[in-house]
Amino acid sequence: MSWFTAALSELFSLFVDDVRFTLAILVWIAVGTLGLSRLPLDLAWDAPLLFLGCAVILVLSAWRAARAAKAPRG
């Protein structure tokens, strides 16, 4: 059974490098899909808001990774 979990872990790591980033993007897409339609905004704002949220998540993830790479390893 350990070979099966190792294979699943390897398959997962092929597609997902940063779990926090992946979860944040999935949550933002879910919020955008379910929540943006309920806001009193014109439908033309849905795509820019979805893009802006994804861009913010990307910048924050890159910033966090750069800080982690810069930190001294003890």
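Heavy-atom basis, side chains included; hydrogens, waters and symmetry copies ignored.
- Between Leu50 and Asp46 there is no side-chain heavy-atom pair separated by less than 4.5 Å.
- Follow the hydrophobic side-chain contacts under 4.5 Å out from Ile25 and you reach Val27 in the same cluster.
- Residues Val56 and Trp28 fail the side-chain proximity criterion, which asks for heavy atoms closer than 4.5 Å.
- When the side chains of ILVMFWY residues are joined at heavy-atom separations under 4.5 Å, either directly or via intervening members, Phe21 and Ile29 end up in a single hydrophobic cluster.
- The line from OG of Ser13 to CG of Leu8 is 10.5 Å long, rounded to the nearest 0.5 Å.
- No continuous path of hydrophobic side-chain contacts links Val31 to Leu26 [ILVMFWY only; heavy atoms under 4.5 Å].
- A donor-acceptor contact shorter than 3.5 Å is absent between the side chain of Ser9 and the backbone of Thr5.
- Counted within 6.0 Å of CZ on Arg20, heavy atoms from surrounding residues, nucleotides or ligands total 12 or fewer; the atom is thus considered open.
- At least one side-chain heavy atom of Phe12 sits under 4.5 Å from a side-chain heavy atom of Val19.
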